[in-house]
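Note sheet for the following structure.
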Amino acid sequence: MWSKVASVLILILIVCISMYFGGHGLTYSFFTLILLMLGQAPTQRCMFLSKKYERAVLVTGCDSGFGYRLAKTLDSMGFVVFAGCLSSNGQGAQTLLKEGSRHLKLIQLDVTRDEDVRLAKAFVEANLPEKGLWAVVNNAGISDWGETEWNSIEDYQKMVDINLFGSIRTSIAFLPLVRASKGRMVFVSSIFAFFNCLSMGAYSVSKRGLEAFADCLRVELSNFDVKVSIIQPGNFGPATNIRSKKTTQEIWDKLDDERKVTFSRSYIEFANEYFQSLCSAGFKDSRMVIDAMVHALNAAQPKSHYLLVSTVEWVFFLVFPLLPTFLKDAIFTYTPIYHKRREILSQQKQ
């Protein structure tokens with residue numbers, strides 16, 4: 001059942017949209033929201049149960065977080081799991097090897113390295129079960145925050161190379177195997193693929209590109225009966241420990257003299273504390289994401305997108321992309337970080 005806060009939020013958004021589009025906008029808003037509610041409503045879907053160890057799944061980024069937990073879950077369900085790890089000798093990889101069944105196989109896989117992907121494919125092909133490679137879950141990724149000018153071009157390149165090109169590189173290599181089994185391609189994205197949050201520019205660039213790739217792939221692969229799903233988690237920082245922790249001094253030292261004049265140290269300190277506390281307030285358990293991944297892999301009719309946030313956030317994030325740009329931008333003017341930013345930077349100019 002939706003909370004009162006969610007209902008009020010829907011009403012406000014409907015009014016805003018109707019004011020912008022006129023009478024037709026009101027009708028469009030109600031119609032769209034009804035469709036969104038129906039799409040989110042739980043439904044009984046025909047599920048298939050894979051015969052034990054006849055299907056395989058490749059999961060990238062299994063050293064920790066979502067990938068680690070998904071590998072263990074799929075292993076317990078009876079899939080042959082190829083767990084790609086950045087460090088096959090690391091603690092996460094070795095724990096998987098120790099606690100998993102003999103059907104869980106570790107692979108050294110840095111998704112930014114062509115050679116790693118080539119060797120991983122050769123290993124998978126040599127160890128496929130009877131029904132082949134059912135799915136690839138492109139989970140490997142990193143996260144970071146920082147205003148646009150605080151990041152170097154190297155920061156952007158690293159983010160995109162892992163989050164975007166890493167998934168593209170892996171997908172292209174393994175697509176023939178997945179196509180042969182008429183299986184699944186799953187991509188782990190983020191709400192920041194469409195939500196233009198302050199200080200998440202580099203991460204948003206990588207995830208927006210990832211979704212564009214996945215959307216195009218979904219259309220192309222439909223002719224081959226291969227289904228593509230995008231996982232869009234909200235704030236699962238505490239559950240995955242993916243968030244980047246850095247000190248005010250580290251941020252300050254990266255800035256040149258001109259930007260040190262523009263951005264005061266006091267603002268950087270405030271922004272750092274604000275975003276660290278924001279990340280710490282997220283979901284502490286990743287079960288919601290793992291369940292969505294399992295559904296995308298196992299359901300007869302998986303969703304194209306899985307938005308994984310709280311109920312109130314779900315309403316907001318589904319309606320947000322439908323708003324005109326001036327309303328999207330206006331939303332940020334009511335956030336605490338925006339007002340504090342303007343206040344501190346105004347003082348800096350004086």
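Sequential numbering from 1 along the given sequence is applied to the chain's residues.
- At a threshold of 4.0 Å, the pair Arg287-Asp291 counts as salt-bridged, since one of the basic side-chain nitrogens sits closer than that to a carboxylate oxygen.
- The hydrophobic cluster containing Val57 also contains Leu97, counting ILVMFWY residues as joined when their side-chain heavy atoms lie under 4.5 angstrom apart, directly or transitively.
- Gln94 places a side-chain N or O within donor-acceptor distance of the main-chain N or O of Ser88, the cut-off being under 3.5 Å.
- The two residues Ala140 and Thr60 have their closest heavy-atom pair at N-OG1, 2.9 Å.
- Qualifying salt bridge (Lys or Arg N to Asp or Glu O under 4.0 Å) partners for Asp116, counting only residues two or more places apart in sequence or in other chains: Arg113.
- Residue pairs that meet the ring-ring contact (aromatic ring centres under 6.0 Å, His included) test with at least one member in residues 84-117, sequence neighbours left out, are Tyr53-His103.
- Sparse packing is recorded around CD of Gln91, with 12 or fewer heavy atoms of other residues, nucleotides or ligands lying under 6.0 Å away.
- For Ser152, the side-chain contact (heavy atoms from CB on, under 4.5 Å) partners two or more places apart in sequence, or in a different chain, are Glu154, Asp155.
- Taking each heavy atom of Gln301 and His295 in turn, the nearest pair found is O-CE1, 4.2 Å.
- Nearest heavy-atom pair, Ile290 versus Leu70, reported as atom, atom and distance to 0.1 Å: CD1-N, 3.9 Å.
- Using a cutoff of 4.0 Å between basic side-chain nitrogens and carboxylate oxygens, Arg259 and Asp256 are scored as salt-bridged.
- The aromatic ring centroids of Phe263 and Trp150 lie less than 6.0 Å from each other.
- Asn138 and Arg169 form no side-chain donor-acceptor contact under 3.5 Å, judged by distance and modelled atom types alone.
- Taking the six-membered ring for Trp and the full ring otherwise, the centers of Phe317 and Phe195 sit less than 6.0 Å from each other.
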